[in-house]
Amino acid sequence: MLAERIHPWFSEHARDLPWRRPETTPWGVLVSEFMLQQTPVARVEPIWAEWMRRWPAPSALAAAPRADVLRAWGKLGYPRRAIRLHDAAAAIAREHGDAVPSDVDALEALPGVGSYTARAVAAFGFGLRAPVVDTNVRRVVARAVHGQGDAGPARTRADLADVDALLPPDDATAAVVSAGLMELGAVICTARAPRCTGCPVAADCAWVAAGRPAYDGPRKPVQGFAGTDRQVRGKLMDVLRSAPGPVGRSALDAVWPDAGQRDRCLHSLLVDGLAEQTDDGRFALPA
DNA sequence: GAAACGTGGAG
DNA sequence: TCTCCAAGTTT
């Protein structure tokens, strides 16, 4: 029911995102999915284009120095994703003949690839039928299917089953519906102010039928940022990315007044492989 | 399962 | 200004 509404709507209204163009390879889709994890489309677009130009295949990225990869990642956030994507590229080059696997289990075995990304690559990179469950899809299902105002905490198995039940049997059609479900959540069935006027599914939506009741379940805890290690790590990484080479302790000391927190964060960056200490005691992005 | 993990734009 | 949140994954 939903699928029959979503497919034609998406076919006509899909945003022209660069990674959706027909010439995009599964590798390009994988890179886009890594970048889009918790990061808005608008910020990903230019970075993705640059990566595709520089590293058109997994082996090309795998051959690049860590420092280049981290600098090219820029300020997308969560730079551990860049590390994992770099590592995933190496695994694909070495274990899969430089070809992104289409099998969900093989994809999920890659660093940084979880349940969502594996299925997204299978669906959008290979046109396969795979239940793609992200925050958009969970919200659309919560409303249109369950009549709830919003999605509650993730119920991984049940969420997968819900979406699986919506997908048509045919691979190509299911892949379009999967993209359409995400698109619907991204541009129509949004978190803040859903635009039910103009929603292709409104006539079949359980939430609309119920009078759009407010969400009553548990709220997702909003994570603070100011003053956290995350902020300090970000500032340290910004210094390391911006510098052409190793920087002295003083340059890092300048980013945060609390020496204890600063040192803890610097240490965690070293542990995460996001930074290295040189022989002379300075710090830099890893080679 | 909770908590950690960046960044910046929108309302 | 300040809160919320944007195609999640890992530990």
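Below, read A as the first sequence line, B as the second, and so on, with proteins coming before strands; counting in each chain starts at 1.
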Quick one, A:N136 and A:L181 - any side-chain contact, counting heavy atoms below 4.5 Å? no
Provide, to the nearest angstrom, the distance between the OH atom belonging to A:Y116 and the C1' atom belonging to C:dA6. 11 Å
Would you kindly check whether a donor in the side chain of A:T39 faces an acceptor in the base of B:dG6, or vice versa, at under 3.5 angstrom? yes
Does A:W51 have its ring centroid less than 6.0 Å away from the ring centroid of A:W73? yes
I want to check one thing: is the phosphate of C:dG8, taken as OP1 and OP2, less than 4.0 Å away from some side-chain N or O of A:Q38? yes
Side-chain N or O of A:R192 less than 4.0 angstrom from OP1 or OP2 on C:dC5? no
Considering heavy-atom distances to DNA chain C, does A:P111 or A:R139 have its closest nucleotide positioned more toward the 5' end? A:R139
A:R241 side-chain N/O to B:dT7 phosphate OP1/OP2 under 4.0 Å: yes
So, A:R155 and A:D159, do they make that salt bridge, N to O below 4.0 Å? yes
Heavy-atom distance under 4.5 Å between the side chains of A:W9 and A:V201, does that happen here? no
Would you mind telling me which of B:dC5, C:dG8, C:dA7 lies closest to the side-chain atoms of A:L17? C:dA7
Nucleotide C:dA6, atom C1' - distance to CZ of A:R230 in whole Å: 13 Å
Classify A:T117 by what it touches in the nucleic acid, base, sugar-phosphate, or nothing, heavy-atom distance under 4.0 Å. sugar-phosphate
Between C:dT10, C:dA7, B:dG8, spot the one nearest the side chain of A:R84, thanks. C:dT10
Looking for any heavy atom pair under 4.0 Å, which part of the strands does A:W73 touch: base, sugar-phosphate only, or nothing? nothing
Paired with A:D150, the salt bridge (charged side-chain N to carboxylate O under 4.0 Å, His left out) test is passed by just one of A:K220, A:R138, A:R219, namely A:R219
Have a look at A:V113 and say if it touches a base, only the backbone sugar-phosphate, or nothing, with a 4.0 Å heavy-atom cut-off. sugar-phosphate
With sugar-phosphate meaning primed atoms plus P, OP1 and OP2, does A:A120 contact a base, only sugar-phosphate, or nothing at under 4.0 Å between heavy atoms? nothing
Select base, sugar-phosphate, or nothing to describe what A:D272 touches, counting heavy atoms under 4.0 Å on all strands. nothing
Side-chain N,O (A:K75) to OP1/OP2 (B:dG6) below 4.0 Å: no
I want to verify a distance call: between C:dC5, B:dT7, C:dA7, whose nearest atom is closest to the A:M182 side chain? C:dA7
Can you check the A:R43 CZ to C:dA7 P distance for me, whole Å? 13 Å
Would you mind classifying the nucleic acid contact of A:P221 as base, sugar-phosphate or nothing, using non-hydrogen atoms under 4.0 angstrom? nothing
A:P40 has its side chain closest, among C:dA7, B:dG6, C:dA6, to C:dA6
Classify the nucleic acid contact of A:G114 as base, sugar-phosphate or nothing, counting any heavy atom under 4.0 Å across all strands shown. sugar-phosphate
